[in-house]
Structure formats: structure tokens, C-alpha cells
Amino acid sequence: MAKKKVLLMGKAHSGKTSMRSIIFANYLARDTMRLSPTLDVEHHHVRFLGDLVLNLWDCGGQDAFYESYFERDRETIFRSVELLIYVFDIESDCPEKDFDHFAGVLEALEENSPDARIFVLVHKMDLVAEEERELILEDRKRLIEESCLGVGVQHFQCFGTSIWDETLYKAWSEIVTNLIPNISVLESHLAHFCRICDADEVVLFERATFLVISHAQAKRDGDTRRAGAGRLTAGAGEEEGTIASGNAAAGKDTPDETIEVDSSLNEDTEDALNMSTSPQISSKSPIDESTKEDGISAMSPAVPPPSPHGNATLSGTINSATQVRPMNQVAPPATPIFDAHRFEKISNIVKQFKLSCGKAQSQFQGMDVRNSKFTAFIDAFTANT
């Protein structure tokens, strides 16, 4: 079982504990208001994808605690760190002191864990006027970069976040992906699964947190498949009961996308990918109870199977705006425009729906989303995804 030490640091009231509670403890954003400030260091062991354990150190942000971190407990805090998450409050009333603390943390980290990866979250971006967010975030990133370079840190990643939208899931998905071993192997299997299913996109979510682990997108080299007939398959459900909807919010901004099943990084995941891509399973109906075996749900598009020549087309009615081209004229390839935050929006929507089901003493397993432009399947895939 792999254990990874993760430091979560930042000034007091910057939102560290709130975001941790939303991601790992299934809090709703509005419920974080009742959380009290962290005192000293709180240790949390979070199991992720079955065999990966995050040893999360949630460090209080009061000035007195930083003195302790930098002096008495310097080696204890900063030794053997795999990853640092530093949180800045965008509306801090003393940004100079925030950057002083940040520089001190970087120096201690370089001294004790020089190979640690660094992620910086500029938090509470919802408090900034929407038209000014990009400009203010870029300015803050510049100051963060200057601080990093000042202590010799060359590599870091920075995100603007808020507990009230999908940006929190975007940032934390990137963070945990950096802790997953052999992620390239998973991505390779996922790409193969996407091709076998003839899906437009496949997305993998971790079951408990619903964070995005990986995704694959079909390559359309020379394929004239029309945009707007997307298919989306996803898997991260839980126990029993299926909820079906024909017009979920996840599809409003992403008419041409395909979301797919989450998979874990153990042997069960590889077996699941191999089983789910077999010809027998892929030829089944989208959600067929007879294809479920050992908790794995086979998912296939609600369209005809691929042709023997490997160039199948999606079924659907061509609208009146479609132009008929002469046979000797090559149609331009479809270029659907995807929402850059589509996966995280789905994470946010589905996780909140799961929590609502729990409060109603119902169990959520999966969801089908269908409309005239796409079909999405969200269902259980392995024990952890």
C-alpha cells in the first residue's frame, strides 16, 4: 500500500479545510460554514483508488504556527513530502505576509524534500468580479512565480479555485493525478477502450471523490462524422438503483462530448478494461443487466457497432441545415467545440446529486443522460471507480 505525504498549507481562513472537506468528506459548499479553524496540524489518511493512501497534513495558518513550522518542527513538517498544496486567499488583507510565509515554506521544502511537487491554489475567486478574474489571477500568478524563482523553485502549477464551482475539482483532479503511479499505462488502456467502444470521449472518475483521473478522446483522422451526435460514457456509481434522465445539466454546455468510465490502477482495472472492450460486451445494449459481472457494468454506445472497415458513423437525424455535397467534394472534418471544464462540471453535478440521494436514504448507482445531440452513460466500473 503506497502512502504519500501531502502538505496543505496557507494562511488562516484561506479555505484549506473547507476544500478538503468538500473533496474527501462529502461536504456541500454551504455546509463548510460551520467548520472551525484548524489548530496546529491535523492528520488525515485518505484512501484513494484502493491502494493509494494520502497522508494529508492540514496545517493551521496562524502566525504562531508558522513560527513553529519553521523552527522547532521544521524537519518533522517538511521531511519526506511528496506534494505541497499552498492556498492563497485572493482577498487577503496582508498579502505581503502571505508571500513571506510562502517563501519560507518553499525554502524549508527545498531543504528537506527537494523533489516535492508544488501546487498553488489562488482561492475564493468567486469573490472577484467575473470580468476581472482572469486579469487578477494572471497578476497573482506572476507574483507567485517571482517568489518561486527567488528561492530556486523552477516548477510549480497554479490554479484559481472556488468551492462554489467546478474549478475546485479541476485543481484537485490535477493534484491527485500526479500521485498515481503508472498513469501512462492507464491512459493507454483508456485510449484503447475508447476506440473499441467507438466513443467520442471516455472519462475515468474516482468513486468516492468523483475526481477526474484520466480521459481519452477519439481521433477522427479524415472521419466525416457529424458534430452534435456525440456519445458520452462514464462510470463512478455506487450501490443499487439507477437514475435516468433525458436532459441533465451536464449536457447543456457540452453537446458533443463523451464521458466514460472511471478505472482504478490495480489489476481489477486492467481486467475491467479488457472485459468491457470484448466484442461480446460491446455489442450489448447501453445498460444491460445481463452484461454485469463481478460489479462491472458493460457500457456501449446506443448506435450500431463499428463497421468491419473501422469507420462507423453515429446514428442520428440530419437537420435541415445540413448541406449535401457532390460526391467528388470532400466534406470538412467535424470540429466540435468542447467546454474546457466539462469533466469537472460533471464531477460537481453528479457528486452533489449523490449526496442528495444519500440524504433521501436512496442509493445512487448510475445515470443515463440522453438528448437529441448526445448520449452519456455514468455507471460503476470497478470497486474503486
Notebook entry, point to check: Can you get from Ile183 to Ile175 by hopping between Ile, Leu, Val, Met, Phe, Trp and Tyr side chains that sit under 4.5 Å apart?
Noted result: yes
Next on the checklist: Quick check: is Trp164 connected to Leu121 through a chain of hydrophobic side chains (ILVMFWY, heavy atoms under 4.5 Å apart)?
Outcome noted: yes
Judged by atom type as modelled, is there a donor-acceptor pair below 3.5 Å linking the side chain of [X] to the main-chain atoms of [Y]?
| X | Y | value |
| --- | --- | --- |
| Ser113 | Val81 | yes |
| Asp63 | Tyr66 | no |
| Thr32 | Ala29 | yes |
| Tyr69 | Gly60 | yes |
| Ser14 | Lys11 | yes |
| Lys351 | Leu28 | no |
| Arg117 | His155 | no |
| Arg20 | Asp58 | no |
| Ser188 | Ser184 | no |
| Lys345 | Asp165 | no |

Before giving the answer on side chain to side chain donor-acceptor pair (under 3.5 Å), spell out for Asn348 and Glu344 the whole-Å C-alpha distance, their side-chain angles and the decisive distance to 0.1 Å.
CA-CA 6 Å; Asn348 196 5; Glu344 292 73 34; over 6 Å; no
Is the His215 to Phe343 ring centre distance short of 6.0 Å?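 Ring centres of Phe343 and His215 closer than 6.0 Å.
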Inset, instruction - Kindly state whether the ring of Tyr86 and the ring of Phe156 have centres lying under 6.0 angstrom apart. - result: no
Kindly check if the number of other-residue, nucleotide or ligand heavy atoms within 6.0 Å of [atom1] ([X]) is above 12?
| X | atom1 | result |
| --- | --- | --- |
| His43 | NE2 | yes |
| Glu146 | CD | yes |
| His13 | NE2 | no |

Exercise for the section: Please tell me if the side chains of Leu179 and Val6 come closer than 4.5 Å, counting only heavy atoms from C-beta onward. Expected result: yes
**Asked** Charged N to carboxylate O under 4.0 angstrom, Lys97 versus Asp100?
**Response** no
Can you spot which of Leu35, Val87, Ile22 makes a side chain to side chain contact (heavy atoms under 4.5 Å, CB included) with Thr17?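 Result: among Leu35, Val87, Ile22, Leu35 is the only option passing the side chain to side chain contact (heavy atoms under 4.5 Å, CB included) with Thr17.
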CD of Glu134 to CG of Leu137, rounded to nearest 0.5 Å, is 8.0 Å
